[in-house]
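A short worksheet on the structure shown next.
Everything numeric here is computed off the predicted structure, so don't read it as measured data.
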Amino acid sequence: NYNDEKSADSITYHAKRTFVKGDVITDVCSNNCSYPFDYKLEQDSLKPGDSIKVKDIITSTFLVAIEGKVLMTRDALKFNKKIDWWTAAKFSGIPNAFSISADGDVAYVGTVKGNLYRIEGISDAVSKDLATADSLSVIVKEEIDATAFNGQAITSVAINPEDANKVLVTLGNYGNENYVFYAEDGKTFTSVQKDLPTCPVYSSAIIK
């Protein structure tokens, strides 16, 4: 995110010249890969050698699904520190498909036994407490009714880049009738197999 107003991180900027209130400082650098961004000075003045704390609006969120849980970090692009991994969600099974929405707020995990989980609120999880503490966590995990999948392995999950509720799921395992399912609400999946061959489908995409 190149303009994350929810960010809880900050950097200390050291002025090299004089600035006055309203000036746009163009050489502020993020902790993420030292990526530069603009900052509009809100205090009266800043003189050479003065320092000011600035919200770091350049952020990255990296997630990975492993057996039984989803881990996340906001340190993936901070190469000067050890990565701090947070357990964002727990679930049952071995993940076989994982997808994240274009806005970085919603993720879906599909397992080898056909279970599907929706994880929401990722963009608000700006600290370890908000991501992992049961009483404070802003992340909501929901197991989706996957009865329609007939226990088949979920091989891919595609999320509409314009609407995270519109989701396409593909399935594996030979000997079944349906391998492609779609939901308009992110929860109620119906087969869109139509005249496709009745065989496993391993990848999918929704392109807008």
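- For the atom pair K16 NZ and L46 CG, the distance stands at 11.0 Å (nearest 0.5 Å).
- A donor-acceptor pair shorter than 3.5 Å can be found between the side chains of S123 and K6.
- The side-chain hydrogen bond (donor to acceptor under 3.5 Å, both in side chains) check on T132 picks up nothing, with sequence neighbours excluded.
- Annotation: the span from N178 atom CG to L196 atom CG amounts to 10.5 Å, rounded to 0.5 Å.
- Here NZ of K78 is found 9.5 Å from CG of D84. Values are rounded to the nearest 0.5 Å.
- Between the side chains of T26 and D38, no donor N or O sits under 3.5 Å from an acceptor N or O.
- With sequence neighbours excluded, the residues that form a side-chain hydrogen bond (donor to acceptor under 3.5 Å, both in side chains) with N176 are N150.
- Partners of N165 according to the side-chain hydrogen bond (donor to acceptor under 3.5 Å, both in side chains) rule, which considers only residues two or more places apart in sequence or in another chain, are R118.
- Cluster annotation: F91 and Y108 are assigned to distinct hydrophobic clusters (Ile/Leu/Val/Met/Phe/Trp/Tyr, side-chain heavy-atom contacts under 4.5 Å, transitive).
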Which side-chain N or O atoms in residues 57-67 pair as donor and acceptor under 3.5 Å with protein atoms at least two apart or in another chain?
residue	atom	partner	partner atom	Å
T59	OG1	D4	OD2	2.8
T61	OG1	R74	NH1	3.4

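- Pairs engaging residues 14-54 under the ring-ring contact (aromatic ring centres under 6.0 Å, His included) rule: Y2-Y35 [sequence neighbours left out].
- A distance of 11.0 Å separates CD1 in I207 from CG in N160, rounded to the nearest 0.5 Å.
- Hydrophobic cluster membership differs between V106 and I100, with clusters built from Ile, Leu, Val, Met, Phe, Trp and Tyr side chains linked at under 4.5 angstrom.
- Side chain to side chain, T170 and S204 fail the donor-acceptor criterion of an N or O pair below 3.5 Å.
- L168 is not connected to V109 by any chain of hydrophobic side-chain contacts under 4.5 Å among Ile, Leu, Val, Met, Phe, Trp and Tyr, and they are in different clusters.
- Residue pairs meeting the ring-ring contact (aromatic ring centres under 6.0 Å, His included) criterion with at least one partner in residues 154-181, sequence neighbours excluded, are F149-F181.
- D129 and S127 share no side-chain donor-acceptor pair at under 3.5 Å.
- We find the CE-CD1 distance between M72 and I122 to be 7.0 Å, quoted to the nearest 0.5 Å.
- Separating the CG atom in D50 from the OG1 atom in T18 is a distance of 8.5 Å, to the nearest 0.5 Å.
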Using the rule given for side chain to side chain donor-acceptor pair (under 3.5 Å), can you reason through T12 versus S51, listing the C-alpha separation, both sets of side-chain angles and the distance that settles it, and then say yes or no? CA-CA 6 Å; T12 300; S51 63; over 6 Å; no

